Peer 1: 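My questions will all concern the structure given below.
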Amino acid sequence: PIANEANLLPHPTRRRTFPTTLSRPPTPLFEKSNVLVIGPTGSGKTLLARTLARVLDVPFSVSDGTSFTQAGYVGDDVEMCVQRLLQAANWDPHRAATGIIYIDEVDKLARRGTGADGIQRDIGGEGVQQSLLRMMEGSVVTINANKGADGTGPPSHESGRRGRGSMIPSQETFHVDTSNILFILSGAFVGLDGVVKRRIAKGSIGFGATLATRQTENDGFVPFFTKNGEKADPWSMVEPTDLVSYGFIPEFVSRLPVISSLNELTIPDLLRILTEIKGSLVSQYTALFGYSGVEIRFTTPALREVARLAKERGGGARGLRGIMEGLLLDAMYEVPGSSVRYVLVNEKVVKGEAPALYWSRGEGSAFWNEFYAEDKMDDQGKGQPPGQLPGELYDTPPQFDVTLEQFESWALDRLRILAEIESCFARNRPWDELKRIVDMQQKKYLSMNSNTAINIDKDTERKKDHVSHFVLRLAFCRSDELRRRFIKAEMALFRVRWETDDTAERNEFLSSRDFAGGKVSKEEKAELQSQLLACTPPSHKANFGNETFIKVPWTRVPDLVQTRQVYLRSGIAYVPSRSQSSIIFQQFHDDLEKALELTARALPRMDEDRLTLILEHLSKGLQAGVASEYSSGPENGESVTADMVDSLARKHFPLCMRMLHDTLRKDCHLKHQGRLQYGLFLKVIGLPIDEALAFWRRSFSKIADDKFTKEYAYNIKHTYGLVGKMANYPARSCQNILTQNTPGTTDSHGCPYRHYAEDNLRTALQTTLGISGADLQDVLSSVRTQHYHVACTRVYELTHGLKKGEGIGNGETVTHPNEYAQRSRELEKSQTQGDTATMGEESMNID
């Protein structure tokens, strides 16, 4: 065996060979592709290259092609662009060898022709092109950089030589390899479009040679192969031969394999540059006036007029600043140091029909009214979204300013409705009942009246709906689970609005977008009559002759395919007109799903801390609903005494407060978080401070008076806002209890449905509230699906003798412990008054 093992081992000097088929192919040598960018002035050529260098984190230098001349003439040598890149790389040749050199105005290097004596004197044209050839392709450039007397320049290791009383600057030599340096050349190339037109355009048909037409010289240029209705862009058809005709040598053009063109900026592009980008002109002037304590605003029509003027005058994005400087010249001179507090620039100011509007301190309401009046007229001119349905399915984000308070409060109102929808799904409510509850919640928190309604501010309603939807997108795009729940709730809200809106406004909404597919002809309908009838419900077969069908891909109506309500053939679904809403619902779902994914990618770039905290708070709203704030006692002025707490706890307290009360009675003590949660709850139900001190002193019976006064009495008074910050602290809502201050194993605070083990929760429900059997399993099933507020609402129904689905009133779910106690006491009072009235009627009948 030893010999056999030795034979199996490789010989120490024998090299093992592998088949050639297993060897890896050699790595190819990757080379750069220099770029030529063609575009009008102000179209963002330099910004595009600079942004590319910043994203790649490589050195970047900008040079002007008009300053380059041949060697020996006054001007910059072409090696100067490499020296600038080396300087941008902090004189590191290795880092500079992977940078980007941007040469602007390269169109000025085109060949100028010859002089009158026939001798070419183009010192800044073809000669510079030839000098750039080797550098662009890849060569080692030697840079001799001097260090001046002021200390600028590269680090020097030589002290220099003295000559005739002055210091001769020391000199450093660097060798930079340009093989991996990307050269980006740009220019406006005025007249190049004419070269392209002359190459492409064809003349009219005649007897003999082709004749050129006048179309080659105007903006109506259309090449012979362009489709009808399309306008050709000569800049996108530039070829190397056109650049040679323009004045570049072929060797230079061949070193620019990538030729790209930028279009002239449109008015919407200029408007976005003016308002949306980081460091926009609007934000700059707003901050500039803000340093003087002045608030300046530009109306939307004014900004649109500024963009139109910039487009008309030319110059691209650079022209915006000149227009803004002219508009605000007088205001920048007159406002600082004056009594002016508000400045408004509207459309008339931009057109030169009126000066900028000023308001002094204390006239803020007039300023804002004027600002919103013009924006409102602009919105009405563009048309209102039809009825209750969202305009354009929320395709466009809000383009107007909102306050931080509106940002949060509007989102909270919408979140209340979405939380109620999710609660209805968790409780398996029928669709009609869900629609009734949601419609009632909408009227309370997010009303959307019809366009025909009068004496109602419909514009504010549309704005609130628009802003709240996009704010909740930011809050619920963070995870797949949050996105799924948000889409499901928004789909239900959209469907409720669709079914409760009137027919005229539904048709108007349908006409605003192209939802339908191809219409089925009468011949095709007759051919497929038997198949279409098989998919038609019996109640609609009588109207089959008047029914129209449309053809759409089956992926647009998966719900109809699942329930076999449409006929499928070759991936096409034949949808009857009565089911067209399914197409709309599916498109709304798909668009919202894609938008949430895009929002999730862009969210990390938001650096506003205040908004981040608000969004984190909103993202937890679906877990426990959104409750109203309970910070003071009952509105009817009823007070609670210390002796009443035991009785109230047995009959009206939710399970979280009932368990805290029982623990307090058992241990004669509660830890800090338990005292805080229970103390704020008791304050809001109407327990005054003197009764609260008596209640807590009586409950802490094992603690001496001195210790209670020193360690606990101050905290109780602080809860009521009598000491310390003297703030009116609100009671903790279900959301606060569920998501904050998670209890430990020895703590008593928190939510039993969320923080108790299932066995402990089952025991508490059986022994404390007497819930058992199928009712107990119903509560536990809601807990397992993490619908804790639904479980608490079901317990309220069971302990108060209500039918399943009634909730705490009008089908609502529990969102606050004090809401639970308040509704319980109101229910008891109404039942007592009803019994009293019944007894009075019986006594009258006896008489």
Side-chain angles (χ1 to χ4, degrees), residues 32-70 74-110 124-125 127-129 131-139 141 143-146 152-154 174 176-190 243 248 252 255-262 264-265 273 277-279 281 315-322:
K32 63 179 179 180
S33 297
N34 298 320
V35 183
L36 175 64
V37 182
I38 303 173
T41 178
S43 58
K45 301 185 294 294
T46 306
L47 179 63
L48 189 65
R50 193 184 302 275
T51 304
L52 175 65
R54 187 179 70 251
V55 171
L56 297 178
D57 191 22
V58 296
F60 178 77
S61 70
V62 180
S63 299
D64 193 348
T66 58
S67 63
F68 289 150
T69 58
Q70 296 183 39
V74 176
D76 292 339
D77 295 337
V78 293
E79 289 82 4
M80 183 59 67
C81 62
V82 181
Q83 182 173 340
R84 293 192 181 102
L85 181 67
L86 183 63
Q87 185 176 1
N90 198 20
W91 305 98
D92 184 357
H94 298 287
R95 180 168 169 77
T98 59
I100 297 177
I101 292 178
Y102 180 82
I103 303 178
D104 198 6
E105 304 293 345
V106 74
D107 54 325
K108 307 305 187 293
L109 301 179
V128 176
Q129 296 180 39
S131 302
L132 286 170
L133 294 180
R134 293 299 302 167
M135 186 184 301
M136 292 171 59
E137 186 172 5
S139 63
V141 178
I143 303 296
N144 296 318
N146 294 329
T152 60
F174 300 92
V176 181
D177 187 1
T178 64
S179 300
N180 294 320
I181 295 178
L182 178 65
F183 284 81
I184 301 179
L185 281 60
S186 72
F189 288 85
V190 178
L243 296 174
F248 289 95
F252 184 80
R255 285 164 172 79
L256 297 168
V258 180
I259 302 176
S260 177
S261 63
L262 299 181
E264 188 177 2
L265 296 177
I273 294 172
I277 64 172
K278 188 176 182 180
L281 284 177
R318 293 189 181 95
L320 292 172
R321 181 174 291 275

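Not measured: the values here are computed from a predicted model.
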Peer 1: Please examine the side chains of Ile259 and Leu243, heavy atoms only from C-beta on, and report whether any two atoms are closer than 4.5 Å.
Peer 2: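 Touching, per the 4.5 Å side-chain cut-off.
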
Peer 1: Short question: side chain of Asp64, backbone of Thr66 - any donor-acceptor pair under 3.5 Å?
Peer 2: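 Answer holds: yes.
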
Peer 1: Assess whether side-chain contact (heavy atoms from CB on, under 4.5 Å) is satisfied between Val128 and Val78, documenting all intermediate values.
Peer 2: CA-CA 7 Å; Val128 176; Val78 293; 3.8 Å; yes

Peer 1: What's the separation between atom CD1 in Ile143 and atom CD in Gln87, rounded to the nearest 0.5 Å?
Peer 2: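 Between atom CD1 of Ile143 and atom CD of Gln87 there are 11.5 Å.
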
Peer 1: Checking the side chain of Glu137 only, and the main-chain atoms of Arg255 only, is there a donor and an acceptor separated by less than 3.5 Å?
Peer 2: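 The answer is no, because no donor-acceptor pair under 3.5 Å joins these two groups.
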
Peer 1: Can you find a pair of side-chain heavy atoms, one from Gln83 and one from Phe174, that are under 4.5 Å apart?
Peer 2: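 No, side chains not in contact.
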
Peer 1: Taking atom OG of Ser61 and atom CE of Met80, what is their separation to the nearest 0.5 Å?
Peer 2: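 The OG atom of Ser61 sits 11.5 Å away from the CE atom of Met80.
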
Peer 1: What's the separation between atom CZ in Phe68 and atom CD in Gln129, rounded to the nearest 0.5 Å?
Peer 2: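 It comes to 13.0 Å.
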
Peer 1: State, to 0.1 Å, how close Ser43 and Pro40 come at their nearest heavy-atom pair, and which atoms those are.
Peer 2: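 Heavy atoms only, the tightest pair is OG-O, 2.7 Å.
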
Peer 1: If you look at every heavy atom in Thr178 and Lys32, which pair is closest and at what distance?
Peer 2: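 Heavy-atom minimum between the residues: O-NZ, 2.8 Å.
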
Peer 1: Does Ser261 reach the main-chain N or O of Ile38 with its side chain, forming a donor-acceptor pair under 3.5 Å?
Peer 2: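 Side chain of Ser261 to backbone of Ile38: no pair is present.
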
Peer 1: I need the Thr98 OG1 to Leu56 CG distance, nearest 0.5 Å.
Peer 2: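 These two atoms lie 10.0 Å from each other.
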
Peer 1: Ala317 and Ile273: which non-hydrogen atoms are nearest, and at how many Å?
Peer 2: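 Minimum heavy-atom contact is CB-CD1, 4.1 Å.
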
Peer 1: How long is the straight-line distance from CG of Leu132 back to SG of Cys81, given to the nearest 0.5 Å?
Peer 2: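 The distance works out to 6.5 Å.
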
Peer 1: Rounded to the nearest 0.5 Å, what separates atom CD1 in Ile101 from atom CZ in Arg84?
Peer 2: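 It is 10.0 Å, given to the nearest 0.5 Å.
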
Peer 1: Using every non-hydrogen atom in the two residues, find where Met135 and Val82 come nearest and quote the distance to one decimal.
Peer 2: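 That would be SD-CG2, 3.6 Å.
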
Peer 1: For the side chain of Asp177 and the backbone of Ser179, is there at least one donor-acceptor N/O pair under 3.5 Å apart?
Peer 2: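 Yes, Asp177 side chain to Ser179 backbone: donor-acceptor pair under 3.5 Å.
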
Peer 1: So, Lys45 side chain and Gly187 main chain: donor-acceptor pair closer than 3.5 Å or not?
Peer 2: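 Checking the backbone N and O of Gly187 against the side chain of Lys45, no donor-acceptor pair under 3.5 Å is found.
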
Peer 1: Using a distance-only test with no angle check, is there a side-chain donor-acceptor pair under 3.5 angstrom linking Thr46 and Tyr102?
Peer 2: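 Present: a donor and an acceptor within the cut-off.
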
Peer 1: Once salt bridge (Lys or Arg N to Asp or Glu O under 4.0 Å) is applied, do any residues pair with Arg95, and if so which ones, sequence neighbours excluded?
Peer 2: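 Asp57.
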
Peer 1: How close do Leu256 and Val35 get, heavy atom to heavy atom, and via which atoms?
Peer 2: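 Scanning both residues, the minimum pair turns out to be CD2-O, 4.0 Å.
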
Peer 1: Carefully, step by step, assess Val106 and Leu36 under the rule side-chain contact (heavy atoms from CB on, under 4.5 Å).
Peer 2: CA-CA 9 Å; Val106 74; Leu36 175 64; 4.0 Å; yes

Peer 1: Verify side-chain contact (heavy atoms from CB on, under 4.5 Å) between Leu52 and Ile100, making sure each step is shown before the conclusion.
Peer 2: CA-CA 9 Å; Leu52 175 65; Ile100 297 177; 4.1 Å; yes

Peer 1: What I want to check is whether the side chains of Ser186 and Asp104 have a donor and an acceptor closer together than 3.5 Å.
Peer 2: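 Yes, because at least one side-chain N or O of Ser186 sits under 3.5 Å from a partner of the opposite role on Asp104.
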
Peer 1: Checking Asn34 side chain against Phe183 main chain: does a donor-acceptor pair fall under 3.5 Å?
Peer 2: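 Here the side-chain-to-backbone pair exists.
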
Peer 1: side-chain contact (heavy atoms from CB on, under 4.5 Å), that's the test. Do Leu185 and Val37 meet it? Break it down for me.
Peer 2: CA-CA 6 Å; Leu185 281 60; Val37 182; over 6 Å; no

